[in-house]
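Input: a single structure, listed below in structure tokens.
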Amino acid sequence: MWQIYLLVLIHCCTHVFAAGGCCNYDCKCVQEHGSRNFCQEWSCDVRVDPCFPASSILNGAEKTMSLLKIGDKALSPSNSEDSVYNWIHRDEEVKSTFLRLETDDGVLQVSPEHLVYINGEYRFAKRAQVGDVLQKVGDETARITAITSFVDQGVYAPFTETGEMFVDGFRVSCYAYYESHDVAHLLMKPLLFLGGESEGIHWWPQVIKSVYDWANQ
């Protein structure tokens, strides 16, 4: 494992990369849901990193993202005690586009490229379709009835030890951009030991993204 982190750090020191903004999305509806007046599948031009809007609530702490602090409690799918260890991204000023996944039992607000637990596995939120099933607190489920987009000010991506949490009552990953939750959690482990940043994108996820983009050129 240390070899992977060493390679990442070497790449960081030898390649100059631009830290792009997070969650700047241009979303288009690519599939409407029959005669209904809402979108079944979205296509989004994604730049970087995960986020939730300021009004989303982290379960466990029962606080909105805008009021959340490092050390606040977080509810984990494994029912173990967890907490906010760091921020992947936190910016009170930026305006971004989010998806609103409306269900028969609540609403999840999330960025299009964020990993959400859909139909028993983690997928990008933008891949969600009407009729898909989301997991709720207590192993309850809810079915998506509509998907819409909206613009809001402020983007927030807390990091927990387990890499998972419940937001607005729904099971989500802490991660985005990489469609494998397990790989993302492995790569983000150093955030447990690296100092937190109060504003902007944490430098470690920026390094990981730089290496990922370089490897996929």
Side-chain angles (χ1 to χ4, degrees), residues 17-30 37-39 41-75 83-103 106-116 124-128 134 144-160 163-178 184 188 191 195-206 208-209:
F17 61 91
C22 166
C23 298
N24 295 310
Y25 298 96
D26 180 17
C27 297
K28 298 178 181 178
C29 182
V30 295
N37 189 27
F38 53 77
C39 186
E41 184 175 359
W42 293 85
S43 175
C44 304
D45 180 20
V46 183
R47 287 179 59 180
V48 209
D49 288 10
C51 49
F52 296 93
S55 58
S56 288
I57 295 176
L58 178 68
N59 299 115
E62 304 307 325
K63 290 183 178 180
T64 61
M65 292 290 170
S66 60
L67 298 178
L68 204 60
K69 300 180 183 302
I70 291 178
D72 281 343
K73 292 181 179 180
L75 187 60
S83 61
V84 177
Y85 275 77
N86 215 326
W87 287 101
I88 294 175
H89 186 202
R90 186 180 188 279
D91 193 322
E92 298 177 352
E93 302 300 326
V94 67
K95 287 187 177 180
S96 300
T97 300
F98 299 91
L99 295 181
R100 182 180 287 111
L101 306 184
E102 301 179 28
T103 77
V107 177
L108 173 62
Q109 302 178 132
V110 61
S111 59
E113 201 81 355
H114 203 99
L115 291 174
V116 176
F124 289 145
K126 69 177 185 179
R127 301 196 192 283
L134 305 184
I144 297 175
T145 58
I147 303 173
T148 57
S149 66
F150 68 100
V151 175
D152 201 1
Q153 180 172 325
V155 294
Y156 302 84
F159 170 77
T160 67
E164 297 182 278
M165 53 191 173
F166 284 93
V167 172
D168 296 329
F170 297 90
R171 181 178 177 178
V172 297
S173 170
C174 291
Y175 314 120
Y177 194 72
Y178 313 97
M188 291 297 128
L191 286 176
E197 298 186 11
S198 58
E199 194 73 13
I201 307 172
H202 196 287
W203 66 268
W204 179 253
Q206 292 188 58
I208 295 297
K209 182 185 182 297

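Contact between W87 and H202 at its shortest, heavy atoms only, is O-CB, 3.4 Å. The two atoms that bring Y175 and G163 nearest to each other are OH-CA, 3.5 Å, heavy atoms only. In terms of heavy atoms, G169 sits closest to N59 at N-OD1, 2.7 Å. Contact detail for R90 and Y156: the closest heavy-atom pair is CG-CD2, 3.6 Å. Residues A176 and E113 share a closest heavy-atom pair of CB-O, 3.0 Å. For T64 against A54, the heavy-atom pair with the smallest separation is CB-O, 3.4 Å.
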Let me see the working for H114 and Y177 under ring-ring contact (aromatic ring centres under 6.0 Å, His included), right down to the final yes or no. CA-CA 7 Å; H114 203 99; Y177 194 72; over 10 Å; no

Would M165 and L58 count as a side-chain contact (heavy atoms from CB on, under 4.5 Å) here? Give the steps. CA-CA 8 Å; M165 53 191 173; L58 178 68; 3.7 Å; yes

Please walk me through it: do D91 and I201 pass side-chain contact (heavy atoms from CB on, under 4.5 Å)? CA-CA 8 Å; D91 193 322; I201 307 172; over 6 Å; no

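Between C51 atom SG and Q109 atom CD the span is 12.0 Å, to the nearest 0.5 Å. Separating the CD1 atom in I147 from the OG1 atom in T103 is a distance of 11.0 Å, to the nearest 0.5 Å. Expressed to the nearest 0.5 Å, how far OG of S56 lies from CG of L68 amounts to 11.0 Å. In this structure, CZ in F124 is found 10.0 Å from OG in S111, a value given to the nearest 0.5 Å. Atoms CD and OG1, from E102 and T145 in turn, are 5.5 Å apart once rounded to the nearest 0.5 Å. Remark: S149 OG to F98 CZ distance equals 11.5 Å, nearest 0.5 Å.
Each salt bridge (charged side-chain N to carboxylate O under 4.0 Å, His left out) pair with one or both residues in residues 54-74, not counting sequence neighbours, appears once here: K63-D72.
A donor-acceptor pair under 3.5 Å is formed between the side chain of N86 and the backbone N or O of L191. A donor-acceptor pair under 3.5 Å is formed between the side chain of T160 and the backbone N or O of E164. Checked by atom type and distance alone, the side chain of D168 never pairs as donor or acceptor with a backbone atom of F170 at under 3.5 Å. Of the possible donor and acceptor atoms, none in the side chain of D152 sits under 3.5 Å from a partner among the backbone N and O of P53.
In this structure the side chain of S55 never reaches within 4.5 angstrom of the side chain of M65, judged on heavy atoms. Side-chain contact between M188 and P205 is present, with at least one heavy-atom pair separated by less than 4.5 Å. Contact of the V116 side chain with the L134 side chain is registered, since non-hydrogen atoms from C-beta on lie closer than 4.5 Å.
Taking the six-membered ring for Trp and the full ring otherwise, F159 and Y85 have centroids separated by 6.0 Å or more.
No side-chain N or O of S66 forms a donor-acceptor pair with one of E92 less than 3.5 Å apart.
Both tests do not hold together for R171 against F166: distance to the six-membered ring centre under 6.0 Å, angle to the ring axis within 45°.
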